[in-house]
Amino acid sequence: MEKAAYNKIVKKNTPSENILKNAIIAFVIGGIMGVIGNALVQFYSYVFDLSSKDASVFMIITLVFLGCFLTGLGFFDKWVNFARCGLIVPITGFAHAMMSAALEYRKEGLVTGIGMNMFKLAGSVIIFGVVSAYIFGILRIIIMGG
Amino acid sequence: MTYLNSFIFCGVVCLIGQLILDNTKLTPGHITTIFVVVGAFLDIFNIYDKFVLWAGGGALVPITSFGHLLIHGAMDTVNNFGVMGLFMGMFDLTSSGIVAAIVFSFILSLIFKPRD
């Protein structure tokens with residue numbers, strides 16, 4: 001009863017323009033991340049003379065490093081609050097989740113803090129990714145023949 | 001041209017995520033998890049490969065490519081070892097991202113102090 005009333009108030013006071021603004025920001029920032037990723041792939045394949053498959057691995061490592069480093073410096077939390085999904089959905093969000101868990105639990109010690117809690121936020125991505133990839137992999141063998 | 005395509009592809013994926021985040025009660029953790037599963041699902045019929053061809057590096061930036069790379073790594077070993085290959089090659093292509101995330105966040109979390 002109280003919850004319904006609360007939800008009504010929340011709904012009334014949440015401006016619909018906000019959703020549109022958030023969506024546009026996420027689209028633009030996400031698009032910029034995509035352009036950066038593509039530019040890094042082109043850059044690495046040009047400079048180190050790699051195939052685009054190997055260059056994309058370098059690109060992912062670079063973005064993960066940037067995500068961790070900027071989270072450590074403290075900028076990235078503000079940017080994530082501003083861009084939301086524009087930075088959470090790219091691979092930087094994965095790095096951000098791991099880095100913020102590691103930073104948060106550091107005071108509890110190396111093993112009991114960082115070691116046990118690093119995957120607290122990002123673990124679900126790996127677990128669901130592996131389980132779904134296993135199931136869909138079997139489907140793919142059946143349907144496409146590997 | 002791939003720059004424009006990667007802008008559009010990555011932007012649209014983030015836009016979908018933002019719309020889910022704003023219009024439902026799901027947390028960012030739910031959204032990244034859903035996107036990984038969707039990326040793996042799209043790879044059953046090689047759909048994600050077409051995105052990668054179309055958008056270049058931009059298609060590999062969103063977390064959906066994580067599911068795509070999991071299946072692709074597994075399929076490489078499936079060709080040699082059959083169904084057992086699913087267990088062997090799953091992390092072949094994604095290991096770089098996971099190892100980088102573990103190593104960098106461990107080392108950097110020792111260097112930096114947490115901020116609010």
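When reading the values below, keep in mind they use all heavy atoms of this one structure, side chains included, and skip hydrogens, waters and symmetry mates. A quick note: this is a predicted structure, and the numbers were derived from the prediction, not measured. Chain identifiers are assigned alphabetically (A, B, ...) following the order of the sequence lines, protein sequences preceding nucleic acid strands; residue numbering begins at 1 within each chain.
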- [ ] Measure centre to centre between the rings of B:Phe112 and A:Phe69, then say whether the value is under 6.0 Å.
- [x]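 Yes: the rings meet the under 6.0 Å criterion.
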Task: Output field: ring centroids A:Phe43/A:Phe48 closer than 6.0 Å - done: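 Aromatic pair excluded; centres sit 6.0 Å or further apart.
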Open item on the list: Between B:Ile111, B:Thr94, B:Asp43, B:Asn5, who has the most heavy-atom pairs with chain A when the cutoff is under 4.5 Å?
Closed with: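 Of B:Ile111, B:Thr94, B:Asp43, B:Asn5, B:Asp43 has the most heavy-atom pairs under 4.5 Å with chain A.
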Tell me, side chain or backbone of [X] under 4.5 Å from chain A's heavy atoms, or both, or neither?
{"X": "B:Ile107", "value": "neither"}
{"X": "B:Tyr3", "value": "both"}
{"X": "B:Ile63", "value": "both"}
{"X": "B:Phe91", "value": "side chain"}
{"X": "B:Ile102", "value": "both"}

Open item on the list: I want to check something: taking the side chain as every heavy atom from C-beta on, are A:Phe136 and B:Val37 in contact at a cut-off of under 4.5 Å?
Closed with: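 Answer yes - side chains close enough.
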Task: A:Leu110 side chain reached by B:Phe106 side chain, heavy atoms, under 4.5 Å - done: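 A side-chain contact under 4.5 Å exists here.
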Please flag which part of [X] lies under 4.5 Å from any non-hydrogen atom of chain B: side chain, backbone, both or neither.
{"X": "A:Leu40", "result": "neither"}
{"X": "A:Ile114", "result": "side chain"}
{"X": "A:Val41", "result": "side chain"}
{"X": "A:Ile126", "result": "both"}
{"X": "A:Arg84", "result": "both"}
{"X": "A:Ala83", "result": "backbone"}

Task: Between B:His68 and B:Ser65, a side-chain donor and acceptor under 3.5 Å - done: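 No, no side-chain donor-acceptor pair sits under 3.5 Å.
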Task: Within residues 90-101 of chain A, residues adjacent to chain B where the heavy-atom gap is under 4.5 Å - done: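 Those residues of residues 90-101 of chain A which have a heavy atom under 4.5 Å from chain B are A:Pro90, A:Ile91, A:Phe94, A:Met98, A:Met99.
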Open item on the list: Suppose a student defines contact as a heavy atom less than 4.5 Å from any heavy atom of chain B. Which residues in residues 50-61 of chain A would they list?
Closed with: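 Interface residues of residues 50-61 of chain A: A:Lys53, A:Ser56, A:Val57, A:Met59, A:Ile60, A:Ile61.
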